[in-house]
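Because the structure is a prediction, the values reported are computed rather than measured.
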Protein chains: 2
Amino acid sequence: MYIQQLIDKGYPVKEFPKDSIIYEPGMQPRFVYFIKKGEVRMVTVNDAGKEFIQGVFKTGQYFGEPALLINKPYLAYTIVSKNSELIPVGKTDFLNLLKDDADFSMNLIKVLSNRLFYKSMMLEELAGEKAEHRLETIINYLFLEVSSGESLKVTRQDLADMTGLRVETVIRGVKLLADKGLINLNRGKIMKV
Amino acid sequence: MYIQQLIDKGYPVKEFPKDSIIYEPGMQPRFVYFIKKGEVRMVTVNDAGKEFIQGVFKTGQYFGEPALLINKPYLAYTIVSKNSELIPVGKTDFLNLLKDDADFSMNLIKVLSNRLFYKSMMLEELAGEKAEHRLETIINYLFLEVSSGESLKVTRQDLADMTGLRVETVIRGVKLLADKGLINLNRGKIMKV
DNA sequence: CTATTGATATGATGCAGATCATAATTTAAG
DNA sequence: CTTAAATTATGATCTGCATCATATCAATAG
């Protein structure tokens, strides 16, 4: 991965404790952040304080490029979910990285394509499908990075914040899906068969 | 633009009449399409036949890269909105284009970033905001590429298909926004001041 | 000018999911 | 083990938007 290269080049690693805010909506982007270790979430918040999870980023991934590259202020918060070590890379350096390293450039293109895919899928769900369908879709999506016999490590509140629903609706919806045999529950945990 | 270069290189231009379908959900991607002239829309359709407009692409733009690059079947239809002339570029050729032309590569990255931005904005709206707010947001966004004194050239149905609302809700919502002085109507047309 | 089609408009009714309230259960902390 | 905090659970009520039905208006073709 590219993270070791950055460290070798002398980029400093910064510690971000859980729940700290890396940036807020309205701020002008200055860095792309590479995650040496940890986990962050990008969330938008409406006037009523309702959160929506735009994305989750984990060890080895990076975030914050789109706003930086198109020079628009952030529209989301990025918040540390687990104590993290991040490597901020300034705009000029990031652009040089893209220019000099065709592989990285290609990697970014694929990463952006994957994020677009996810967002297109979720837009279709939020625009056209009701609670149960949304839940089935997001659960199957999350299952992709979980092995059989394991359970999803997200709370009902997390599912709510990813689908635009309310906790109570998620709780009831998940139960309905279980009743219909579409998912498996084990002491409340959503299990991949 | 890159289109003339493609023509010079001998890529054939194909005609697509209005309402023809370029590709459907489930199909395996084989081309990226450059629009020499015309307009297409990417739409997802739910089981009940309700359409959601994922994006609109016009003369000079290109579409279809994400699914091609990450090797997943399309999840949307792409339908011709105005008689169009398209240049399909096969996967290998498109990858070579990216490899050999750093400018194009950078252009794609920015294009993808802009699309992500739009989708993030709309996700926040669909997940957390109600009809009036959604409409105000999409109208202001569409205003970006319209000059003052001009009107939006979209129908209420188009607005509905971009916001996940129903036509009747859009009609009522637009009227409410006009009553509140948040937008200007002229014989039903939404005017940019 | 007239007919046809598409777009906008308006009222009435129904329902999915939000909201509010409270409780049971699980997990984490001391 | 015990207590506190977080998560899951369940019922009752409220509400914004969908849905259905029908009408008016605007645009386009002949």
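- Toward the 5' end of DNA chain C, the nearer of the two residues A:K189 and A:E129, judged by each one's closest nucleotide, is A:E129.
- Checking the phosphate oxygens (OP1, OP2) of D:dT7, no side-chain nitrogen or oxygen of A:T155 falls inside 4.0 Å.
- Within the nucleic acid shown, A:R172 comes within 4.0 Å of at least one base atom, counting heavy atoms only.
- One can find a donor-acceptor pair under 3.5 Å joining the base of C:dC20 and the side-chain atoms of A:E168.
- For A:R134 (side chain) and A:E129 (main-chain N/O), a donor-acceptor pair under 3.5 Å exists by modelled atom type.
- Side-chain atoms of A:D93 and A:Y11 form a donor-acceptor pair, as typed in the model, at a separation below 3.5 Å.
- If you chain together hydrophobic residues whose side chains sit under 4.5 Å apart, B:L185 and B:L159 fall into the same group.
- As rounded to whole Å, 10 Å separates atom C1' of D:dG16 from atom CZ of B:R134.
- Atom NZ in A:K153 sits roughly 19 Å away from atom C1' in D:dA6 (whole-Å rounding).
- Atom CG in B:D161 sits roughly 15 Å away from atom C1' in C:dT8 (whole-Å rounding).
- Per the geometry, CG belonging to A:D19 stands 14 Å off C1' belonging to D:dA6, to the nearest Å.
- Going from atom NE2 of A:H133 over to atom P of C:dG17 covers 12 Å, rounded to whole Å.
- For B:I171, the listed nucleotide lying nearest its side chain is C:dT8; candidates were D:dC17, C:dT8, D:dA9.
- Side-chain nitrogen and oxygen atoms of A:K175 include at least one within less than 4.0 Å of the OP1 or OP2 phosphate oxygen of D:dT10.
- Contact annotation: A:R166 reaches the phosphate of C:dT19 (side-chain N/O to OP1 or OP2, under 4.0 Å).
- Between the P atom of C:dA7 and the CD1 atom of B:I190 lies a distance of 14 Å, rounded to the nearest Å.
- Between the CD atom of A:E132 and the C1' atom of C:dA16 there is a distance of 11 Å, rounded to whole Å.
- Contact annotation: the side chain of B:K180 approaches that of B:E132 to within less than 4.5 Å [non-hydrogen atoms, C-beta and beyond].
- Among the atoms of the strands shown, none is found under 4.0 Å from any heavy atom of B:G173.
- Rounded to an integer number of Å, the gap from A:L135 CG to C:dG17 C1' is 12 Å.
- Side chains of B:Q54 and B:K119: a donor-acceptor N/O pair is present below 3.5 angstrom, by distance only.
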